[in-house]
Amino acid sequence: MPPTLNTARTPLEIWLDAWILPWVPQDAWAQALVGVLALAGVVWLAGLLASRGLALALGRALRALGRDDWSQAVARRGVYRHLGHAVSLLLIAANIRLLSIGSTIESSLERLIQAVALIYVFLALTRLLRAWQDVNMLRVQQGRGRPIKGYLEIAQLAVWALCLVLVVSVLLNQSPLLMISGLGALSAVLLLVFKDTLLSLVASTQMNTNDMLRIGDWIEMPQAGADGFVIDMALHTVKVQNWDKTVTTIPTYKLFSESYRNWRQMFESGGRRIKRTLRIDAESVRFLDDAEILALRRYRLLGDYLAAKQSALEDTNQALQEEAAGIPANRRRLTNLGTFRAYALACLQRNPDIRQDMTMIVRMLEPDSQGIPVEVYCFSRLTAWVDYERVQGDLFDHLLAILPELSLRVYQAPSGHVFARLAGAAGAPDGPPEAPPENGAAGMPGG
């Protein structure tokens, strides 16, 4: 006796027959339309759930790891949204045959939708790399990392190259290995086309490895017309904002192959160099007499120096024979120029804005036709431009003002006014000579 068939129906089948089948149209085209609409609704819902689910799960995971910066950057760059689109398209491709529109058309549509889904996947990867760049920029601004924008741009190029190979292989229904093997013949052309990219990659790698350049560094590159702060470092270019607020764009490989000046070490050392020369009129240099030395000992910065120096000179002069000591040229005496150098050095040592642990010297250089150069060499404790110029200006204002007290004059070339005054004096009738200006003949030729 044959087995009895079980004709019992499940509750779901009963519910579908009662509530769904009466609404299904009987025409084939209408059924296809309903199927397309139903598939679209399911796909939209699946994409929404995928994007929201990934955002919720990965966001909580990143926050649990203490990486709120990553969570915000990934959400801001739209990584979840692109992944949701990819899930929707893959769901369509998996169910495209339910439409029953022909095997050839179904196969072509399936490959096309898969290719678009791959593009969305790689878009999500590039957005993830940009999120990494945002996180890295925050770390660089906080001084806790180095810029990796160049490396990320190379990674994006590699991602898009892989995407192109996979998309073409999917559309042609061929193995990706065949596409990659065909690139060997184009290697010479690729090297020529991407020559600047390869040079920039090598330069960027070397600069980051050797810490040659960072965002925020002040650099000078006269051959490129750059003098300012680095505001952006990309794979191919480095942007420098000059002091006049213009922006100079420099190829990255030029910063590796050509020389430039980086002021970062100066800021990190905490001292900015002051190196400036005062030119003294040679005619104003002379010996100081006892009355002038006594008057100068009233100056706080010269009292100890003059006392020690005068004692040493007296000991030296007492060792001379009586006949030799009677000739002034044989005795050691103080000069106003040497006293000025001692005064300038004492100013540096008492100045709280000057680094006392760095090189500090006041020296006389070789005299020339423009006077006797006296160079002040020291380091300011303040490195910011405005503060540095203030310290330097205050220092040299004081040194210039103290010169007449030591009977010294600054050398300056005669101006047209001086020549006019001399010509008027030469053509004037005989009479009493004009009184010299106060504090010496400053402003006269050679003075």
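On a predicted model such as this, the values are computed, not experimentally measured, just so you know.
Residues R279 and G371 approach most closely at NH1-O, 4.4 Å, considering heavy atoms. Taking all atoms of both residues into account, the shortest heavy-atom contact from T335 to G338 is OG1-N, 3.1 Å. Heavy atoms only, all atoms of each residue included: D134 and A73 are closest at CB-CB, 4.4 Å. The two residues P367 and P373 have their closest heavy-atom pair at CA-CD, 3.9 Å. Among all heavy-atom pairs drawn from L112 and L171, the shortest one is CA-CD2, 4.0 Å. Listed here is the closest heavy atom pair of A115 and V170: N-CG1, 4.1 Å.
Contact of the L382 side chain with the R390 side chain is registered, since non-hydrogen atoms from C-beta on lie closer than 4.5 Å. Under the 4.5 Å side-chain criterion, counting only non-hydrogen atoms from C-beta, I215 is in contact with M137. When side chains are defined from C-beta on, H398 counts as touching Y343, because their heavy atoms get closer than 4.5 Å. Contact of the L296 side chain with the Y305 side chain is not registered, since no non-hydrogen atoms from C-beta on lie closer than 4.5 Å. No side-chain heavy atom of R273 sits less than 4.5 Å from a side-chain heavy atom of M358. The side-chain heavy atoms of V240 and M221, taken from C-beta on, include no pair separated by under 4.5 Å. Looking at L408 and D281, their side chains never come closer than 4.5 Å, going by heavy atoms from C-beta outward. Annotation: side chain of L395 is in contact with side chain of L348 (closest heavy-atom distance under 4.5 Å).
In terms of modelled atom types and a separation under 3.5 Å, the side chain of D244 and the main chain of T246 share a donor-acceptor contact. Between the T252 side chain and the H236 main chain, a donor and an acceptor come within less than 3.5 Å of each other. A donor-acceptor pair under 3.5 Å is absent between the side-chain atoms of R264 and the main chain of D217, judged by distance alone. R355 contributes a side-chain N or O that, together with a main-chain N or O of G270, makes up a donor-acceptor pair within less than 3.5 Å. A side-chain donor-acceptor contact under 3.5 Å links N262 to the backbone of M212. Looking at S257, its side chain does come within 3.5 Å of a backbone N or O of Y253 through a donor-acceptor pair. With hydrogens and angles disregarded, a donor-acceptor distance shorter than 3.5 Å links the side chain of R381 to the backbone of P352. Panel note: side chain S169, backbone V165; a donor-acceptor pair is recorded below 3.5 Å. A donor-acceptor pair under 3.5 Å is absent between the side-chain atoms of E375 and the main chain of I361, judged by distance alone.
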Take V410 and L278, measure what side chain to side chain contact (heavy atoms under 4.5 Å, CB included) needs, and give me the verdict at the end. CA-CA 7 Å; V410 178; L278 295 173; 5.6 Å; no
May I have the step-by-step check of side chain to side chain contact (heavy atoms under 4.5 Å, CB included) for W218 and D227, ending in yes or no? CA-CA 7 Å; W218 170 19; D227 184 9; 2.9 Å; yes
I'd like to know whether R77 forms a side chain to side chain contact (heavy atoms under 4.5 Å, CB included) with L128, so could you lay out the CA-CA distance, the side-chain angles of the two residues, the decisive distance to 0.1 Å, and finally the verdict. CA-CA 7 Å; R77 285 297 183 177; L128 183 61; over 6 Å; no
Evaluation steps, side chain to side chain contact (heavy atoms under 4.5 Å, CB included), between Q223 and Y260: CA-CA 9 Å; Q223 61 270 32; Y260 63 94; 5.6 Å; no
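Around the CH2 atom of W385, the shell of radius 6.0 Å holds no more than 12 heavy atoms that belong to other residues, nucleotides or ligands. Counting non-hydrogen atoms of neighbouring residues, nucleotides and ligands closer than 6.0 angstrom, the CG atom of D304 reaches no more than 12 such neighbours. Crowding of W70 atom CH2: a count of heavy atoms from other residues, nucleotides or ligands under 6.0 Å exceeding 12.
Rounding to the nearest 0.5 Å gives a distance of 11.5 Å between CD of Q349 and CD1 of I354. Note that the CD1 atom of I250 and the CD1 atom of I219 stand 4.5 Å from one another [nearest 0.5 Å]. Here CZ of R276 is found 3.5 Å from CD of Q392. Values are rounded to the nearest 0.5 Å. A distance of 15.5 Å separates CZ in R130 from CG in N136, rounded to the nearest 0.5 Å. Within the model, atoms CD of E389 and CD1 of I274 stand 9.0 Å from one another, a figure rounded to the nearest 0.5 Å. Interatomic distance, M233 CE to L235 CG, rounded to the nearest 0.5 Å: 10.5 Å.
Classified by interplanar angle (parallel below 30°, tilted 30° to 60°, perpendicular above 60°), the ring pair F229/F267 is tilted.
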